[in-house]
Amino acid sequence: MILPGDGLDALVALLIGEGRAVYGPVARDGAVVLDRIESPGALARGWTIEAGPGRYRAHPGGDAVFDHVIGPTPWKRFLHPPRETLYRMTRTAEGIAVTAPADEATPTPMAFLGVRPCDLAALAALDRAMTGGPHADPRYARRRAATLLIAVNCRVAAETCFCASMGTGPAAEAGYDLVLSELGRGDGTRFLIAAGSPQGAAVMAALPDLRPATDEDAAEARAGSGSAAAAQVRRVKPEGLPPRLRAAAEHPHWDAVAARCLNCTNCTMVCPTCFCTSVEEVSDLAGTGFERRQRWDSCFTTDFSHVHGGSVRPSARSRYRQWLTHKLGTWPEQFGGDLGCTGCGRCIAWCPVGIDLTEELAILTEPAP
């Protein structure tokens, strides 16, 4: 169906009317980030992105709603928060009282508006990591079950995008409740909308002013995604990548990467699939209240792999190798499914020294010409 350009107002109002917290891309502090919105007017309409290794710029002045591709914020932060309290302990006259956060059992339903296809793939990978196997995270699982995903197909690509070679974009194939393709520009903007789940179909059925899409509308949507794929200048060869990375475990190029890597953890913070955490206990000054908190951590820190006797990965070389080989090598063996990298390119843009994952993989895993 076709949703008119101003139909986003009805969509957001409908989602909020269902009691959902709606999150989408907004322009703030010189970047396009993800945050809660109350109306489509808060979306980063007209913004475009210029990105490269160690470089990111957001520019206003366009007339499209979703042509800004992605910014530094991964959707995981709303499902797997950077910091959260696991439980509280309070000293009372009767002893120690233990309480869980008030919203743990019944999280606020959410709707993610503007999820890119690469980030849909990332959420699917995160779902397997966080809810699969015998040690599922119940807090993540509850939030995820209460979340509606509204995807947006890409019709432009950043210089750092390589989703086409990873098979994760620029058009969404599955994993969404609703998917939008932006058509036209300015006053001619409209959206091709389709449902991917019963929940999405119910929302779509409640939207006013929909009309059937024509073959020309569908062709325009395909052409937009085709243009985004053709514009991508970076490539990865995912076929047979895990064994090729295993064979490169002692490649001398790891030393060259380590000499540049600052171990700043930027790549893991912006990565949509990294999920490592640490746990800390915090007490108040009076000694009557305590909290156990979970916070994001990174395999790039020496403390993360510290066990009795010291760090398991004491060198920058070993830490970068761990991150890259897990993300693009051992991830399927551990969690099943596809690789832990979806080609979003965030790690390339937000690395302060411009380390390019696609270039490093080519040197490490492809034979010299």
Side-chain angles (χ1 to χ4, degrees), residues 51-54 74 118 121-122 124-126 128-129 159-169 232-276 297-307 310-369:
C118 61
L126 203 59
R128 290 190 292 272
E159 182 188 323
T160 49
C161 294
F162 57 100
C163 65
S165 65
M166 298 298 292
T168 58
Q232 295 183 20
V233 298
R234 284 174 166 76
R235 301 282 187 276
V236 165
K237 297 179 181 178
E239 299 79 12
L241 190 53
R244 285 188 281 135
L245 268 177
R246 283 195 293 270
E250 300 303 326
H251 197 292
H253 186 66
W254 294 115
D255 293 317
V257 182
R260 299 169 59 204
C261 178
L262 303 178
N263 285 240
C264 68
T265 77
N266 265 18
C267 55
T268 55
M269 296 298 104
V270 299
C271 176
T273 63
C274 281
F275 59 85
C276 290
D297 206 340
S298 171
C299 56
F300 279 93
T301 65
T302 54
D303 286 347
F304 185 75
S305 63
H306 190 279
V307 295
S311 175
V312 173
R313 304 184 190 95
S315 67
R317 179 186 192 272
S318 62
R319 292 192 289 274
Y320 187 87
R321 184 177 63 180
Q322 156 65 21
W323 176 72
L324 192 66
T325 55
H326 181 226
K327 193 70 61 177
L328 287 146
T330 59
W331 188 286
E333 181 182 342
Q334 184 177 7
F335 301 118
D338 297 322
L339 299 173
C341 172
T342 64
C344 72
R346 287 183 176 94
C347 62
I348 302 172
W350 292 92
C351 173
V353 296
I355 294 175
D356 185 337
L357 174 151
T358 64
E359 292 181 356
E360 309 310 328
L361 278 175
I363 295 171
L364 289 163
T365 66
E366 296 178 16

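Listed by chain and number, the residues in a side-chain hydrogen bond (donor to acceptor under 3.5 Å, both in side chains) with Ser165 amount to none (sequence neighbours excluded). In this view, Glu250 and Arg317, Arg321 satisfy the salt bridge (Lys or Arg N to Asp or Glu O under 4.0 Å) rule, not counting sequence neighbours. For the salt bridge (Lys or Arg N to Asp or Glu O under 4.0 Å) test, residues two or more places apart in sequence or in another chain that qualify with Asp356 are Arg234. Residues satisfying the side chain to side chain contact (heavy atoms under 4.5 Å, CB included) criterion with Pro252, sequence neighbours excluded, are absent altogether. Residues passing the side-chain hydrogen bond (donor to acceptor under 3.5 Å, both in side chains) test with Thr160, sequence neighbours excluded: none. With sequence neighbours left out, Gln334 forms a side-chain hydrogen bond (donor to acceptor under 3.5 Å, both in side chains) with His326. Applying the salt bridge (Lys or Arg N to Asp or Glu O under 4.0 Å) rule to Arg346 yields the partners Asp119; only residues at least two apart in sequence or on another chain are considered. The salt bridge (Lys or Arg N to Asp or Glu O under 4.0 Å) check on Glu360 picks up Arg260, with sequence neighbours excluded. Applying the side-chain hydrogen bond (donor to acceptor under 3.5 Å, both in side chains) criterion to Thr302, with sequence neighbours excluded, gives no partner residue.
Under the salt bridge (charged side-chain N to carboxylate O under 4.0 Å, His left out) criterion, no residue pair touches residues 329-343, with sequence neighbours excluded. For residues 261-273, every residue pair satisfying the side chain to side chain donor-acceptor pair (under 3.5 Å) rule, not counting sequence neighbours, is listed here: Asn263-Arg319, Thr268-Ser298, Thr273-Lys327.
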Can you list, pair by pair, the side-chain donor-acceptor contacts under 3.5 Å of residues 236-247, counting residues two or more places apart and other chains?
residue	atom	partner	partner atom	Å
Arg244	NE	Gly240	O	3.3
Arg244	NH1	Thr365	OG1	3.3
Arg244	NH2	Lys237	O	2.5
Arg244	NH2	Glu239	O	2.8

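Put simply, the side chain of Trp323 reaches to within 4.5 Å of the side chain of Cys347, judged on heavy atoms. For the pair Tyr320 and Cys267, the minimum side-chain heavy-atom distance is 4.5 Å or more.
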